[in-house]
Amino acid sequence: MEFQPPFIDYSVLLPFLFVAGTGILLMVLDLLLSEERTRPAAPVLAVAGLVGALITSVALWDSGRAAFSVSGGHAMLVADNFAVALNVIFTITGILTVLLSVNYLERTGHDRPEFYMLMLFSLSGMMLMGMANDLILIFLALELLSIPLYILAGLAWPRPESEESALKYFIVGAFSSAIFVYGIALIYGATGTTSLPGVVTAAEGGTTMLLLAGAAMVLVGFGFKVAAAPFHMWTPDVYEGAPTVVTAFMSVGAKVGGFAALLRILIVALPTLGETWATAISVLAALTLIVGNLLAIMQPNIKRMLGYSSIAHAGYILIAVAAAFDNPDGLSAALFYMFAYTFTNLGAFAIAVAVEHKEGEGVMLDDYKGLAKRYPWIAICMAFFMLSLTGIPPTGGFAAKFFVFNAAVQAELFWLVLIGIITSVISGYYYLRVVFLMYMYEGEGEMVLKPALVSAVVITALATLLLGILPGAWFDLARQAIMQSVQSLAAGG
């Protein structure tokens, strides 16, 4: 049989090439130039590469293009609207992370070009996860996402907490990757293919125990990546020990990347197992909501609190995923939730970065006492982010939870909606405690406010407000993104 090279549409690869290429460029410059010259240029080049990726991603909207496809087979990469929307989230996450990191890295003594290289490589893995149409490519993208994050978590060495967080993250990540790749092997054994459209075609012939076991192991592997209970054990320790800007980046990027691949696998490759995985994800969602919200109450450290908060928000997204089996709007709700969560969570972490005036100092909740008197506008923004995370209008967080609960009600998951509402009320205690400390206590809290950081706070606050005031237009875009993916699947992937 004559070898047929795959057709490569480079327009599909352009966003990825911008991000990964900028990371490689920084590596070369770091080799050729002195660190004094590379250090100030690194964040500028990183933002330039991310803006290029953002523009080229938006240009792919409604294109429905694919890359690495062969005659009679399925493409390895797809640039449907779902992938485009995820690329927008990833590039915005990267740009905001750079704004958070510029002054933080300088004052903590970690201002090295390696941070931006590793962040860009991790982002390129996230983008591949959103576009991947093959299980093997999803695994490779998952490792490209994860390995730089393991290193970034230990960026603050020789601090013991940072080294511990990197080691824990690496060990748990290695186990989850092993479980995930074994699940891929079982799915391949059951279907004879790793292509997502090929898997769904093979699965239509009948469900086997091998396929069920593979799907279960894939779900467990992603459970670790998105920090869903009971696979969440690494999250609070890693969030606390890693540098705060790294924590901010992984709290959004790694979670959205994990859900991107999970949604594509469940909806594109395993719809025939819908009843089974919907039940399993419903149980995971309930457990994640309860564990995340209850344990967050007891945290005196803002990073650990936001770590458990991140676990809880994974639970809300899982509600939308569970509802997606009976209601297509569940997928749209999940995508909208990830978009709103990106701005809200990064905004909260931006203020946490400002309060942490020295590395490891300013990370306790008591450090927020009295901030409203010295920094009234920043305190208003922090209160707004806390209200959004709680789910109080008019914020993006409220709109996101409304769409999730609405999709779940239409899917008749009433018991799961009830748990979601109760845990949202519980979350109000630890979120609003931050607001209470800022406004109702005397204190000498300090902040380090620089133009880049203030810009990040303003951007995230305005985006959170816009998503709360005009959620319908953004939800319609999310619905269009999902609709094109479903139509692509109906046409054969």
Side-chain angles (χ1 to χ4, degrees), residues 10-30 38-61 77 79 83-105 111-131 141 144-149 151-152 155 243 245-257 260 338-339 341-343 345-347 349-350 353 450-460 462-463:
Y10 285 98
S11 64
V12 174
L13 290 173
L14 264 182
F16 169 80
L17 292 176
F18 262 108
V19 175
T22 305
I24 295 172
L25 176 62
L26 286 175
M27 289 183 66
V28 174
L29 291 178
D30 193 38
T38 311
R39 188 186 299 122
V44 178
L45 287 174
V47 169
L50 290 166
V51 170
L54 178 61
I55 293 172
T56 52
S57 293
V58 173
L60 289 170
W61 185 263
L77 284 176
V84 171
L86 290 168
N87 282 348
V88 169
I89 294 176
F90 295 137
T91 50
I92 290 174
T93 299
I95 293 170
L96 292 174
T97 301
V98 173
L99 294 178
L100 299 187
S101 65
V102 173
N103 301 115
Y104 175 87
L105 296 176
D111 190 13
R112 299 189 292 269
E114 296 94 301
F115 171 83
Y116 301 101
M117 301 173 201
L118 292 167
M119 184 199 72
L120 290 168
F121 290 140
S122 183
L123 274 172
S124 63
M126 297 171 194
M127 297 173 77
L128 280 181
M129 287 186 74
M131 296 188 291
L144 181 56
L145 179 160
S146 301
I147 293 173
L149 282 181
I151 303 170
L152 285 172
L155 190 70
V245 291
V246 176
T247 303
F249 176 65
M250 71 171 65
S251 72
V252 174
K255 188 175 298 295
V256 175
M338 290 187 283
F339 193 61
Y341 176 76
T342 296
F343 289 107
N345 211 53
L346 285 175
F349 268 108
V353 167
K450 298 291 183 179
L453 184 61
V454 173
S455 300
V457 173
V458 171
I459 292 169
T460 51
L462 289 176

Starting at [atom1] of [X], measure out to [atom2] of [Y] and round the result to the nearest 0.5 Å.
{"X": "I95", "Y": "I459", "atom1": "CD1", "atom2": "CD1", "result": "8.5 Å"}
{"X": "L118", "Y": "L26", "atom1": "CG", "atom2": "CG", "result": "10.5 Å"}
{"X": "L45", "Y": "L120", "atom1": "CG", "atom2": "CG", "result": "9.5 Å"}
{"X": "N87", "Y": "M126", "atom1": "CG", "atom2": "CE", "result": "12.0 Å"}
{"X": "M131", "Y": "L86", "atom1": "CE", "atom2": "CG", "result": "10.0 Å"}
{"X": "T97", "Y": "L123", "atom1": "OG1", "atom2": "CG", "result": "7.0 Å"}

What pairs meet the side chain to side chain donor-acceptor pair (under 3.5 Å) rule with one or both residues in residues 116-127, with sequence neighbours excluded?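 Only S101-Y116 qualify under side chain to side chain donor-acceptor pair (under 3.5 Å).
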Of the non-hydrogen atoms in [X] and [Y], which two are nearest, and what is the gap between them?
{"X": "T460", "Y": "G347", "result": "OG1-CA, 3.4 Å"}
{"X": "G257", "Y": "M129", "result": "O-CE, 3.4 Å"}
{"X": "T22", "Y": "G49", "result": "OG1-CA, 3.3 Å"}
{"X": "A79", "Y": "V12", "result": "CB-CG1, 3.9 Å"}

Hey, does [Y] have a side-chain heavy atom less than 4.5 Å from the side chain of [X]?
{"X": "P15", "Y": "L60", "answer": "yes"}
{"X": "K450", "Y": "V102", "answer": "no"}
{"X": "L453", "Y": "L99", "answer": "no"}
{"X": "M119", "Y": "V98", "answer": "yes"}
{"X": "Y341", "Y": "I89", "answer": "no"}
{"X": "T56", "Y": "L17", "answer": "no"}

Run the side chain to side chain contact (heavy atoms under 4.5 Å, CB included) test on L96 and F349 for me, step by step, so that the C-alpha distance in whole Å, both residues' side-chain angles and the decisive distance to 0.1 Å come before the verdict. CA-CA 11 Å; L96 292 174; F349 268 108; over 6 Å; no
Step by step, would you call F121 with M27 a side chain to side chain contact (heavy atoms under 4.5 Å, CB included)? CA-CA 11 Å; F121 290 140; M27 289 183 66; 3.6 Å; yes
Under the side chain to side chain contact (heavy atoms under 4.5 Å, CB included) criterion, do L77 and L128 qualify, and how do the steps go? CA-CA 8 Å; L77 284 176; L128 280 181; 3.9 Å; yes
For a quick test of your reading: what N or O donor-acceptor pairs under 3.5 Å do the side chains of residues 245-256 make, sequence neighbours left out?
from, atom 1, to, atom 2, distance (Å)
T247, OG1, Y239, O, 2.9
T247, OG1, P243, O, 3.2
S251, OG, T247, O, 3.4
S251, OG, A248, O, 2.8
S251, OG, N345, ND2, 2.9
K255, NZ, V226, O, 2.8
K255, NZ, S310, O, 3.3
K255, NZ, S310, OG, 3.1

Please step through side chain to side chain contact (heavy atoms under 4.5 Å, CB included) for the pair F90 and L50, ending with a clear verdict. CA-CA 9 Å; F90 295 137; L50 290 166; over 6 Å; no
